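This report concerns only the one structure given below.
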Amino acid sequence: MSMRIDVVPPCLSKADALLAVVSALPSGFDALVVDNGSTDGTDRILADRSGQLLYARAGNAVLAALLRYRGAPVHDVAPIRVADRGRLLDLNITDRAFGYPLELLLRAVQAGWRIHEIDVPYRARAGGKSKVSASVRGTLRAARDMTKVACR
């Protein structure tokens, strides 16, 4: 029996980047695109197929240090995580904004999960702009949301 791995890329008006991301997925990985109300045709990208290095490095380093302090052996608050869906739902993550990645990792540590980090190369963004590092407002919102999670 082969295992299918679902990948859920964040897709709010990312039509120009989505095709490159989905095309780069290895065999056995399926994209589950949640459109989030995009206005640029993001929802049509997969219908037509079968089935920036703008990176907040300083903030990422601080968050990774906080996670290591709390028991997560990570060096990056990576954009992708792989986990069993049922166990992931059992973590009862409540943040639905920029604090989600931090809360997920903190709750996984608290639940005794084994966390394994795999280095992957960063590439230039295939299109679109980051909602976090491409704007002062996005950076401040992410800092606010992650601070709330970290202080719980």
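Computed from heavy atoms alone, side chains included, the values below leave out hydrogens, waters and symmetry copies. Counting begins at 1 with the first residue of the sequence. Quantities reported herein were computed from a predicted structural model and do not represent experimental measurements.
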message: Applying salt bridge (Lys or Arg N to Asp or Glu O under 4.0 Å) as the test, list every pair that has at least one member in residues 63-73; sequence neighbours left out.
response: none
Please set out all donor-acceptor pairs under 3.5 angstrom arising from side-chain atoms of residues 83-92, sequence neighbours excluded.
from : atom 1 : to  : atom 2 : distance (Å)
D84  : OD2    : G86 : N      : 3.1
D84  : OD2    : R87 : N      : 3.1
N92  : ND2    : D90 : O      : 3.3

statement: R152 meets the salt bridge (charged side-chain N to carboxylate O under 4.0 Å, His left out) criterion, sequence neighbours left out, with E103
- prompt: Can you name the nearest heavy-atom pair linking G99 to V149, along with the distance?
  reply: O-CG2, 3.7 Å
query: Are side-chain heavy atoms of P101 and M146 found at a separation under 4.5 Å?
result: yes
field: All side chain to side chain contact (heavy atoms under 4.5 Å, CB included) counterparts of A97, not counting sequence neighbours
entry: D95, D145
statement: CG (L63) and CG (D76) are apart, to the nearest 0.5 Å, by 10.0 Å
statement: Sequence neighbours excluded, the answer for side chain to side chain contact (heavy atoms under 4.5 Å, CB included) partners of V74 is L67, A72, I115, E117
message: Once rounded to the nearest 0.5 Å, what's the spacing between atom OH of Y100 and atom CZ of R81?
response: 7.5 Å
